[in-house]
Amino acid sequence: MEKVFDAIVIGAGHAGIESGLALARKGHRTLLLTLNLEGVGFMACNPAIGGTAKGHLVREIDALGGQMAVTADRTLLQLRMLNSGKGPAVHSLRGQSDKAVYHREMKKVLESQKNLCLTEGEVTELITEGGKVKGVVTSMGIRYYAPAVVIASGVYLDSRIIIGDYSAKSGPAGFPYAKNLTGSLLDAGLEIRRFKTGTPARIDGRTIDYSVMEIQEGDTTIDKFSFLSKGKLLKQTPCYLTYTNERTHEIIRKNLHRAPLYNGGINGVGPRYCPSIEDKVMRFADKERHQLFVEPEGAHTNEKYIQGMSSSLPYDVQIEMYRTVKGLEHCRFMRFAYAIEYDCINPLQLLPTYKVKHIEGLYTAGQINGSSGYEEAAAQGLIAGINAALYLEGKEPYILTRDRAYIGVLTDDLVTKGTNEPYRMMTARAEHRLYLRQDNADLRLTEDGYRLGLASEKRYKNMLSKREEVNKVIAVAAARRFTSADSIYRDKGIEAPANGKSMAELLKRTDFCIKDFLPYVAELRDAGERALNTAEVEIKYEGYLKKAETAIKEQKRMEETPLSADIDYLGINGLRLEARQKLQKIKPLTLAQAARISGVSPADVSVLIVWLQREKDRSVGKSAKEIERNFEIPGNGNERA
């Protein structure tokens, strides 16, 4: 039996899959351990990939050579573009997947991957020695050895299912839970927290009256997730929209004393941006109703997922409140809603590579880091896997910054700011979101994926071709002019301007889109639809994008100012006590990261800049008098930092 590997990945959920594949595809013999082979790529909550900001993450994972988007496209039941009525910065793709097929397809990918060994087994202990990870021990006593380990344990660490007064030690959907690994993590010096999430009931679709609900059709005109996928999703399964009402809310209020969330039955901290229905009713008491989406679990099952009605209320209360909803009056439960509590770590103990700061070779990814969501987990898994591979190769780590990707925003938020609740990615978290669009993820990141050995030659060539097409379209738009005599104005039914306008100038108007010019500009017809869409955004928002580039350059200047891990912040005079303690704990890698730490003020950053320059001057042998002439003493009112 093989027991020695280059790397070990614990967990085969969305994070573990991307870590394992990244390591194996980079040529490292990798053991991927899972509690249950039936849980590989399991969608414990909603049967969907993408969503607001999450769609951006999926596209970025794909651009780097990850797997999630490719498998999602193979299993789609429906595809929609969210926020299409708003600006392109927040357009987000969301697809309903067939849950069973997604699991089957992802398992097939893992089983056929060279250098990857998928094995069932519960890890109960980390083997560490001299500040380095050496391997793991399973519940059967098997010792596997590797110099790099990625923990992607999801919500399975000492997890507990809660439905009213009933609770049981269990993973999601009845899967086994990880009993003993938490103790080993504590012994290794990791700070453990208790978080909570939940899921709605699954209803027999034959007992739902869809005729009284609002149908939600998919969009057959949009591209799929992966930049490698061709064609549209023409055959789609509808979803349905319905609402809670005052009767629903009254039943919840009457039974709050039986709600674990309110009677002390749940100790873990839940997600603020994805609350249970009882939490919604209490927090938003002025709302008369809440949206509920009825979504298919798969093409070959009657199970329907009732998105928006997560709960941990007792089963009898669930039956009563669900049946107050229009269209669910006679619904039959196939699975009851439940909450799940689980252990996770404080992500402030991680570097931006997802390496545990004080243990060489140990990485963590996904919900163990305090995040929520399949997409957030997969993104972390990919970066952790890449960096574990680079560590094995003795190469420089790969760090995505906030200005380059939503993955960079996610990473920086977790390891710099930390989180006191399950973290969810949102477009509002990205300060450069007009630049970090989902349509240009390949142009931003595929070159990195190719250099890292994950993005294929085909993917790389597709990106180069698209980049060339985008540049050509932009050049044509700047050069092609339309006079008042051109028929495009008459055909559009708008008044022609007195002077000639370039295509680029017309595109900046709200009454023109790039497809309007296809009949009049032959040079555009050879460009692909993806390239046309990206070029249109680049042209329409040129002024805003230039401002974003200026802001990114300023941020990059601070990102390029390194901070040594050996700095003793507690000894820097002028820093406030809170700033000293936070900086000493997190040990930021750059000045920009230091500035983003909660509790570090702009004045603290100014003091740090002065201190850095003083240390630099001392290192080149300047005298104390020379140093003081250049920099005033912080705190005397005339600092020049």
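Every value quoted in this text rests on a predicted model; they were computed, and no experiment measured them.
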With distance as the sole test, does [X] use its side chain to make a donor-acceptor pair with the main-chain N or O of [Y] at under 3.5 Å?
{"X": "R596", "Y": "T416", "value": "no"}
{"X": "Q380", "Y": "T364", "value": "no"}
{"X": "T242", "Y": "M213", "value": "no"}
{"X": "E421", "Y": "P271", "value": "no"}
{"X": "D62", "Y": "F227", "value": "yes"}
{"X": "N387", "Y": "P397", "value": "no"}
{"X": "E18", "Y": "A378", "value": "no"}
{"X": "E295", "Y": "Q307", "value": "no"}
{"X": "K357", "Y": "L348", "value": "yes"}
{"X": "E376", "Y": "M425", "value": "yes"}

Go through E542 and K547 one step at a time and tell me if the salt bridge (charged side-chain N to carboxylate O under 4.0 Å, His left out) criterion holds.
CA-CA 9 Å; E542 180 187 17; K547 287 181 181 178; over 6 Å; no
Please determine if [X] forms a cation-pi arrangement with [Y], meaning its NZ or CZ atom is less than 6.0 Å from the six-membered ring centre and no more than 45° off the ring axis.
{"X": "K54", "Y": "Y374", "result": "no"}
{"X": "R451", "Y": "Y398", "result": "no"}
{"X": "R424", "Y": "Y273", "result": "no"}

If you measure from [atom1] on [X] to [atom2] on [Y], what distance do you get to the nearest 0.5 Å?
{"X": "S372", "Y": "Y423", "atom1": "OG", "atom2": "OH", "result": "9.5 Å"}
{"X": "L452", "Y": "L445", "atom1": "CG", "atom2": "CG", "result": "10.5 Å"}
{"X": "L506", "Y": "I539", "atom1": "CG", "atom2": "CD1", "result": "11.0 Å"}

Apply the test side-chain contact (heavy atoms from CB on, under 4.5 Å) to residues T427 and V90: give CA-CA distance (whole Å), side-chain angles for both, the deciding distance (0.1 Å), then the verdict.
CA-CA 6 Å; T427 53; V90 296; 3.7 Å; yes
With salt bridge (charged side-chain N to carboxylate O under 4.0 Å, His left out) as the criterion, how do K515 and E529 come out once you've worked through the C-alpha distance, each side chain's angles and the decisive distance to 0.1 Å?
CA-CA 9 Å; K515 289 181 180 178; E529 188 175 347; 3.7 Å; yes
Examine the side chains of [X] and [Y] and answer whether a donor and an acceptor come within less than 3.5 Å of each other.
{"X": "T401", "Y": "D403", "answer": "yes"}
{"X": "T71", "Y": "Q67", "answer": "yes"}
{"X": "Q78", "Y": "T237", "answer": "no"}
{"X": "D73", "Y": "S226", "answer": "no"}
{"X": "S465", "Y": "N462", "answer": "no"}
{"X": "Q96", "Y": "R94", "answer": "yes"}

Geometric class of the Y520/F482 ring pair [parallel <30°, tilted 30-60°, perpendicular >60°]:
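Taking Y520 first and then F482, their aromatic rings stand perpendicular (interplane angle over 60°).
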Looking at E217, I want to see if its CD is surrounded by more than 12 non-hydrogen atoms of other residues, nucleotides or ligands under 6.0 Å.
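Yes.
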Verdict with reasoning, D223 to K232, per salt bridge (charged side-chain N to carboxylate O under 4.0 Å, His left out):
CA-CA 6 Å; D223 291 313; K232 317 294 184 190; 2.9 Å; yes
From CA spacing to verdict: ring-ring contact (aromatic ring centres under 6.0 Å, His included), F517, F512:
CA-CA 9 Å; F517 295 93; F512 279 98; 5.4 Å; yes
Test side-chain contact (heavy atoms from CB on, under 4.5 Å) on Y406 and H432 and set out the steps.
CA-CA 9 Å; Y406 268 80; H432 307 301; over 6 Å; no
side-chain contact (heavy atoms from CB on, under 4.5 Å), that's the test. Do M309 and K280 meet it? Break it down for me.
CA-CA 9 Å; M309 213 160 182; K280 284 184 195 174; over 6 Å; no
Ignoring hydrogens, what is the shortest heavy-atom contact between S97 and A72? Give both atom names and the distance.
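Shortest heavy-atom separation between S97 and A72 comes out as OG-O, 3.9 Å.
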D442 and salt bridge (Lys or Arg N to Asp or Glu O under 4.0 Å): which partner among R467, R530, K461, K466?
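One option only clears the test, and that one is K466.
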Would S456 and Y450 count as a side-chain contact (heavy atoms from CB on, under 4.5 Å) if you check the C-alpha gap in whole Å, the side-chain angles of each, and the deciding distance to 0.1 Å?
CA-CA 6 Å; S456 65; Y450 183 68; over 6 Å; no
Counting C-beta onward and ignoring hydrogens, is there a side-chain heavy-atom pair between V109 and R74 closer than 4.5 Å?
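SC-SC contact between V109 and R74 confirmed.
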